[in-house]
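Quick notes on the structure that follows.
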Amino acid sequence: MKLICKIEVVNRAHNNLNIRSNGKYIKSTLALSKEPKNSTEYCMFHFSSVNKSGIKYKVKCIKQVFVKCLNEGKITIRFSEPPHDLCVKSEVLQLKSFLNLLKSCITGNVKNLKVTNLTSVGVTALDNAPTKLTILTRNDIPSKGFPRTLESLYMAGLKLCNFRRDILLLRRLTVLDLSNNEIEKIPYEFARMPNLSELYLTNNSLGTLESVDWRWLLGPQITKTLKLLDLCGNKLKVLPRNIWKLHNLVTLKLDNNLLERLPASLGRMRKLRYVTLSHNYLQYLPCSVMQCRLDQLDISHNNLQNPETLQKPIALQWDFCVGRLLDIAAKVVLRNNMYYAANVIPFTLVETLDGANTCVCGKPVLNNVFLIKQFDSRDCFSNVTVVNNNVNSAINFQCYFCSSKCLRVNNF
């Protein structure tokens, strides 16, 4: 069995005072095999880009295996001869399978397990396949497709008009940079990317079509893994109301677009910390943004301080104070973070829940009655850029209210 991993070798003979890992891991391969002259003994080979011929370790010389961090994909194998510690990092399931086989080799219980012969052990092309690829010109694009082992792919400034569908085959991809191209549409299958955490789409043309299909961004897989989204310079006029489904998003960049308003559901993104919205046409922010606990917000070069957008107080209505039975039930679902989907409840109810607004106090709101009021940005965010060299930090907020009490408390 072969284990594709990253390993740091700590030589205890040269490092008696400090045998801790220094974090200098090298892409490696561990392989278990039989000794050719003795079928009852087993050995372990460590191949790496530094030593392609491999280092041989006898399994019987294993002194201890540290598995405290196994669930994080980390173990340490200590050998008595040579006095090496192999600090291993790998995918959790593969690492556990490798340890089960190693345990069987140590105990001698390998009757039903397949262990490779020593003569067949070696480093294959897959073991040395790249994990990072930067393409500077179109001629550099591989004619036979991208290596399936890629974890980072950079294809900036190639003037691509269409999204390359062979990217969808890169199941290990975590970072994708398609900045400075001319891409207008991304296929909905992109939402199935299982490991993508950073997506850079700066200076493309995603907003030029009459109706933008956001299914590629709001699918079941990508919403769980995506942490950074860069959509600067895409001529976007609107954002989807259910963008809050990007539960783990930490950084959102939307500079240099045509946005006039933001979805009120933005406050449901509890992990959002860094947002840039400079050079748009925003006249107000949804009050739900106050619930995001942002560390940094850039809203410079907008129209958020225009007093003409402010509204006079509204008269209370019975429907506004009480609401429909549907609204009351929806609030209970949202307050308790109950799971819902189109296969559980009717799709019309899913749309109602997805489109819920957020009150100034943070509670869900199902009505569409709002007022525009100014708040001091310094009271709402720890670090905000409003307008360069402008002392006034009051900005307009679109405020929804869950009850007449919230309306009175906020002096409306």
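The residues of the chain are indexed from 1 along the displayed sequence. For the numbers below, each heavy atom of this structure counts, side chains included, while hydrogens, waters and symmetry mates do not. Worth saying up front: this structure is predicted, and the values here are computed from it rather than measured.
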To the closest 0.5 Å, what do you measure between CG (L285) and CG (L304)?
5.0 Å
Would you call R165 and E189 a salt bridge, using N to O less than 4.0 angstrom?
yes
Which residue pairs pass the side chain to side chain donor-acceptor pair (under 3.5 Å) test when at least one of the two sits in residues 233-247, sequence neighbours left out?
K245-D354
Under the rule for ring pair (Phe, Tyr, Trp, His ring centres under 6.0 Å), what residues qualify as partners of F146, not counting sequence neighbours?
none
What residue among H46, K89, E8 forms side-chain hydrogen bond (donor to acceptor under 3.5 Å, both in side chains) with S28?
H46
Spacing of OG belonging to S33 relative to CE belonging to M44, to within rounding of 0.5 Å:
9.5 Å
What I'd like to find out is whether the side chain of L217 reaches to under 4.5 Å of the side chain of L226, using heavy atoms alone.
yes
Do the side chain of D140 and the main chain of R138 share a donor and acceptor less than 3.5 angstrom apart?
no
Parallel under 30°, tilted from 30 to 60°, perpendicular over 60°: which one fits the rings of Y57 and F79?
parallel
Using a strict 4.0 Å threshold on nitrogen-to-oxygen distance, state whether K58 and E41 make a salt bridge.
no
Determine whether R293 and R273 make a side-chain contact, defined as any pair of heavy atoms from C-beta on separated by less than 4.5 Å.
yes
Side-chain donor-acceptor contact under 3.5 Å, D177 with S179:
yes
Are any of the side-chain heavy atoms of V275 and L266 separated by less than 4.5 Å?
no
R215: which residues meet the side chain to side chain donor-acceptor pair (under 3.5 Å) condition with it, sequence neighbours left out?
D213
Using the six-membered ring wherever Trp is involved, compare the ring planes of H301 and H279 and label them parallel, tilted or perpendicular (cut-offs 30° and 60°).
parallel
